[in-house]
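I have placed the structure first, in the form of structure tokens, so that the comments after it can refer back to it.
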Amino acid sequence: MSLLEVDDVKITYRTPDKDVHAVNNVSFSIEEGDNYGLVGESGSGKSTLAKSVLGLLDDNGEIRSGSITFNGRELTNLSEREWRDVRWEEIAYIPQSAMDSLDPVMTVGEQIREAIHTHKDVTDAAANERVEEVFDIVGLDPGRTEDYPHEFSGGMRQRVTIAMALVLDPDLIIADEPTTGLDVIVQDKIVQKLMEIQEEIDSSLLLITHEVGVVAETCDEVSVLYGGKVMEQGKTFDVFNDPHNPYTMGLKNAFPEVDEFDENAISIPGSLPDLVEEPTGCVFRNRCPFATEECESAHPPLVGDEDQASACYYNDRADELQERAADPETWGIDVPEDDEGSDVGEVIVETDGLEKWFEQSQSIVADLLGGEPNYVKAVNGVDLDIREGEILGIAGESGCGKSTLAEVVSALQSQTGGDILFEGRPVDDLLDEDTKQFRSKVQFIFQDPFDSLNPRQRVRAAVSEPLKVQGVEPEEIERRVRQTVSDVGLNPPEKYLDKHPDQLSGGERQRVAIAQALVLDPRLLICDEPASMLDVSLKANILNILREMADERDIGIAYISHDLASLSQIADRLAVMYLGRVVETGPTEEVVENPKHPYAASLLEASPRADPSIDRQRVLLPGEPPNPVDLPGGCNFAPRCPKATDKCRQEDPARSEFADGDHEAACFYPVEDIESELLARYAREREQADRESAANIAEHEPATET
Amino acid sequence: MSFQRFLIKRTAIAAMLTLISVSVIFASLRLLPSDPFSGLVASGALTAEQVTQLREMYGLDEPIYVQYLKYVRNLFTLQFGISLTQQRPVGEIIIPALMNTLVLLLPALVVTAVVSSVAGMYAGWNRGSKFEQAGIVVTTFFRASPIFVTGILLLIVFSYGLNWLPAFGMRSPMANPQGYAQTYLSVDFLKHYILPFTATVLFYSGDFLMLARNSVVERKGSEFLMLHRAKGLSEMKQLARAGRNSLLPLVTYFALRTGMLFQGVITLEVVFAWPGIGRALVQAILNQDYPTVQAAVFIMALAVIVMNLTADIAYAKLDPTIKAGDV
């Protein structure tokens, strides 16, 4: 008997007008000790399924039919009281956004103890001891259990929620996108921790994610969901190595890999079906390039064996389809004839020793005594340039100063030191002369397409607003708005111009945001993580539009992201930032294939791979970036760098310390071999730390636990 | 930022505000075109010499900055001077009136803050329920009708109609209690107390109910409540967590309201003939009794400032993130 069996489950949400059929006839089962992955994009029903296993469906959600059994016990008809016993003690949950999922007014220890007290009759002292134990397991300082959530970083909060999930030794842990929103290096460490722990306590894991790479690297079995239906199911290796279903192929191909350059990214055209009716044909048919009339008739049944089953009428033609699916043209993407990406023009913007320091508040006494305040050096001596028709990728973890850099370069914030030259003239002069003129030349695209559009403005008003500000004639406005909206792929424009943002999908909204920026014909476009909130299949689309704009309109683009895979696809040059400094820069291909700075190398290695046949060693970079207020002397990365010497700790390496043509890295000892010089050392260091902490625990409580 | 620093900063700001408000009171009374005695000269009641004598007695012949310093010193030692019309210390006039007001309004406010907030949280948690809808309609009705209308209604029903409770004042005409204990701890007082108390509770209940409801509704979809639920907490415990996270706006509003209580509610006091501070102030203004007005206004300003300070401190205690940021 399996631990969890989901059998033919249908879940609907009641809405005022219609019912939404979120999950339709989904079945899967998880064996004891297994890792199971549910992969799919937003709206695929994966989170709904996870919540139904915990009885946490929203009030308007309802399991219409089918059964969910856990350890032989039927869950679908439990009362709220019976649920309370199952929750946490048997099935624990790691929520999606660690930032919001801890109660801000309770200490983390208190929140975990509460879980213990709810289910077990133990003393406070015993509960406390257990909390410290799980803190140690997930690699948090057991002395910090009485801190509040806001005192932890994002990665550490996620560790807290993992510790909370472990505390009662549950049989099944459901992790709902546990690493979304975390940086790659942190993600790698968290996933590693999860795997280790899970092996140790021998629980099962249900991992829900949209990241094909994470699933491919961690799960034994997987279900690929789309539109509330299972598209493909089976052993992870088989499913991703040799996908039979066109959707799996599209998803896998759309997932960017770090070392695939300049290929036109694949995106799946169209958008999700709205699911207001039960599917009558294949749910994927209207986006599938291989769909035929047969696909209209009914959703295809899952065909195959235990190792791999696919819901497609053309499973037998999988090989042929795979080949065609690898070609972007199959998905309706125009591949430009010749790669004109190398056609780079004059320098548009140049920064010289750019600095942005934020003053820290200090004590009143120190203020009065005229003490020198501390500064957060968000941007600290950055030299960069962006040319016409070029995309500069700026990579780095959150907190490295990349967003501040973007805002300073676009003059949304003023710099505290250094110069910004726009077309050879200082930005301050340009602003003094004609702010409007300058603003029209530099445009900004923000991260979140859901917040950056005014919900009360129709698309036409939103896109024409910048032109109105510039005082353009009404007819001219109308013409340019139509042209731009169509340029960003919203065709035909009439269909979109009168819509409100809430009638658009995430990808469409971000395209409106891009249109808003492009309508002024800017010279420079600064994009701050423009695709990070979008599903994989749409992400590629945005990247392609930006690439096209750079090539056709000869604008310079700064693309800021922590997602190296997207960057390597789109950027001509790459700059890697760490704590306010650019540590490595150069042509994308060279930096990615041959990184010289240990930090850049670690960052690149940490990107997960969608291809299950690649066995990647995890990057277990120790520690967290230091507090940017009191930085150590010398190289910023030295405290975490396995290669650091005394020289690194005393002297700050210049950016041209390593130089090979355009490729520069600020390191005295450039990396030659990532595997032996970095990854192996990280792993060794960690083992050592683990042994030490194990020894510590053994000292405190002799014997017991294995 | 440490809590200590936060505290010092906030207290310093409060002290500054107090000084400013005191100065404004002083300046605005000096800006009046006449002093309290010129009227007496015009009416022929006093001779010019007598007025000079009086001005000397009240210290009005001294330079303005000396007057200001003395005024500030006296205020902060709580010497409010002598009433011009009643010939007795101002303190004796306004302190009892203030006590009467506070005895009525403060318990009413506390009761309504607790009861309506809890009810509001429950309503927000069970959004769309009958309880929520009824709660909103009823409390909004009483919030929207002026307090004297509600008061008159209560009087008509319970005093004149049913004749259960007395309609006027704080005590029956025959009673003559000495001291606060005797005044406020008697059955007679209680009978006079019930109706104005009820009117006040009804009047304020809408604010707290709506505030509590709205902020629980806001919290309801949050991830951390989902996690609390996933941990197996009971419904009531989840509600308690949501409520705990909704306290900030309630505390702010409670503190603001408490500060304003010191002004009394003049319409309520008139309808129930309650000898409170509101009525005392209006009388003093009508009689041009400047020392009394000055003292009453000072106490009101001080109360608002002190309660704001209390709210700030309560904030820092309630929300652990506030200590971290500069507020």
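Every chain is numbered from 1 and lettered A, B, ... according to where its sequence line falls, protein lines coming before strand lines.
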Quiz item: What's the verdict on side chain to side chain contact (heavy atoms under 4.5 Å, CB included) for B/Leu227 and A/Tyr93, showing C-alpha distance, side-chain angles and the deciding distance?
Solution: CA-CA 8 Å; B/Leu227 194 62; A/Tyr93 173 69; 3.9 Å; yes

Self-check item: chain B contacts, top residue of A/Ile91, A/Thr161, A/Val167, A/Asp103 (heavy-atom pairs, under 4.5 Å)
Solution: A/Asp103

Quiz item: In terms of heavy-atom pairs under 4.5 Å with chain B, which of A/Asp100, A/Ile94, A/Thr118, A/Val105 leads?
Solution: A/Val105

Self-check item: Interface moiety of B/Leu247 toward chain A, non-hydrogen atoms closer than 4.5 Å
Solution: neither

Quick check on [X]: does its [atom1] atom have over 12 non-hydrogen neighbours (other residues, nucleotides or ligands) under 6.0 Å away?
{"X": "B/Tyr122", "atom1": "OH", "value": "no"}
{"X": "B/Phe76", "atom1": "CZ", "value": "yes"}
{"X": "A/Asn77", "atom1": "CG", "value": "yes"}

Quiz prompt | Considering all heavy atoms, the nearest A/Pro95-B/Glu223 contact | solution = CB-OE1, 3.9 Å

Quiz prompt | Closest non-hydrogen atom pair between B/Arg229 and A/Arg87, with its separation | solution = O-CD, 3.2 Å

Quiz item: Side chain, backbone, both or neither: which part of A/Glu80 has an atom under 4.5 Å from a heavy atom of chain B?
Solution: side chain

Quiz item: Would you say the side chain of A/Pro104 lies within less than 4.5 Å of the side chain of B/Asn245, judging by non-hydrogen atoms?
Solution: yes

Quiz item: Do the side chains of B/Lys231 and A/His119 get nearer than 4.5 Å, heavy atoms only?
Solution: no

Self-check item: Between NZ on residue A/Lys51 and CE on residue B/Met226, distance to nearest 0.5 Å
Solution: 3.5 Å

Quiz prompt | Audit row: A/Arg84, B/Ser234, side chain to side chain contact (heavy atoms under 4.5 Å, CB included) steps and yes/no | solution = CA-CA 7 Å; A/Arg84 266 185 247 147; B/Ser234 65; 3.6 Å; yes

